[in-house]
Every structure is written in C-alpha cells, then in structure tokens.
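Notes to accompany the following structure.
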Amino acid sequence: MKTKVVPLKKKGSTKQNDSGRLSLDSCRDILNRKERKFTDEQVIRIRDYLYTLAGIAIQEYERQEQKNCQVVDLTEFKKSKNEESHYLRTG
C-alpha cells in the first residue's frame, strides 16, 4: 500500500471550529483528494475517530511519563533521634 505524506499548512492557515477541531471543510479537503469521495457524515465520523485516537495516545503517553518519574519518599530523609539539625545561614 503506497501512501503519500500530506504537508501541513502553515500555522494559522488551518480552519478550526469552536470546539478546537479541524473544520469540516478542512477535513473534506484532506480526505477527498484524488478519486476518494466521502460524504459529510463519513468525514465527521473519521475526524471524530482520529481525535478520539489521538486523545487515547496522549493519555497513554502521560501515563507512561508519570510511571517514569521518580517519587522521593519524604520520610526517607527524616533525621533520627541522635541527629542534629544544621541550617545554612548567610553571613
């Protein structure tokens, strides 16, 4: 299967609707290239599916990032009964 990469337009040139999603016209222009012809309902369903898929990917990425962060237990650094506190002071 041969696919063609479609370059994105410059920032600000892509039309978005009130919900922040690509407009139906922009999606239709991208999807109806060459011999393909999708109905408006199909274009909306494809757009919604891709936004859902992107949302899942973002959630999974954030979950993995959260797993990889190091958590330091604050009780690990508490002083024992025999330790003395030393504060850093200027001057």
Side-chain angles (χ1 to χ4, degrees):
M1 182 170 152
K2 215 174 195 184
T3 59
K4 181 180 177 182
V5 176
V6 178
L8 294 176
K9 296 178 183 178
K10 292 182 181 177
K11 191 174 182 176
S13 64
T14 305
K15 301 172 196 168
Q16 293 185 341
N17 59 19
D18 293 338
S19 66
R21 294 181 174 207
L22 288 173
S23 68
L24 181 61
D25 292 334
S26 295
C27 293
R28 192 182 308 115
D29 291 343
I30 294 168
L31 292 172
N32 285 339
R33 293 192 180 178
K34 296 189 179 181
E35 68 276 347
R36 294 183 186 163
K37 298 297 175 203
F38 294 100
T39 65
D40 286 352
E41 183 180 331
Q42 290 172 323
V43 171
I44 291 170
R45 290 180 69 192
I46 292 169
R47 180 188 66 183
D48 291 346
Y49 173 77
L50 291 174
Y51 271 98
T52 301
L53 190 62
I56 292 168
I58 290 169
Q59 286 176 351
E60 181 61 21
Y61 172 78
E62 289 172 348
R63 190 175 69 80
Q64 288 299 323
E65 285 296 308
Q66 205 170 32
K67 272 186 176 180
N68 294 335
C69 72
Q70 183 179 6
V71 177
V72 177
D73 185 16
L74 295 178
T75 59
E76 181 180 332
F77 296 105
K78 284 188 176 178
K79 61 182 181 181
S80 67
K81 293 178 184 177
N82 298 332
E83 286 183 293
E84 197 177 309
S85 292
H86 295 285
Y87 297 98
L88 296 176
R89 295 186 181 163
T90 58

Common cluster, L53/Y61, ILVMFWY with side-chain heavy-atom separation under 4.5 Å: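 No; tracing contacts between hydrophobic side chains, which count when under 4.5 Å, never links both residues.
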Exercise: identify the closest heavy-atom pair between R28 and V43: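 Heavy-atom minimum between the residues: N-CG1, 3.9 Å.
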Closest approach of C27 to R47 (non-hydrogen atoms, all atoms of both residues):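 Looks like SG-CD, 3.5 Å.
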Which residues share a salt bridge (charged side-chain N to carboxylate O under 4.0 Å, His left out) with E62, sequence neighbours left out: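 If we apply the salt bridge (charged side-chain N to carboxylate O under 4.0 Å, His left out) test to E62, skipping adjacent residues, there are no hits.
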Non-hydrogen side-chain atoms of D48 and R21 separated by less than 4.5 Å: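 Yes, their side chains come closer than 4.5 Å.
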Partner set under side-chain contact (heavy atoms from CB on, under 4.5 Å) for [X], not counting sequence neighbours:
X   : result
Q59 : none
L50 : I46
E60 : R63, Q64
T39 : E41, Q42

Reported CD1-to-OH distance for the pair I58 and Y51, which is rounded to 0.5 angstrom: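 If I round to the nearest 0.5 Å, the distance is 10.5 Å.
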Contacts of type side-chain hydrogen bond (donor to acceptor under 3.5 Å, both in side chains), residue N32, not counting sequence neighbours: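 N32 satisfies side-chain hydrogen bond (donor to acceptor under 3.5 Å, both in side chains) with no residue once adjacent residues are dropped.
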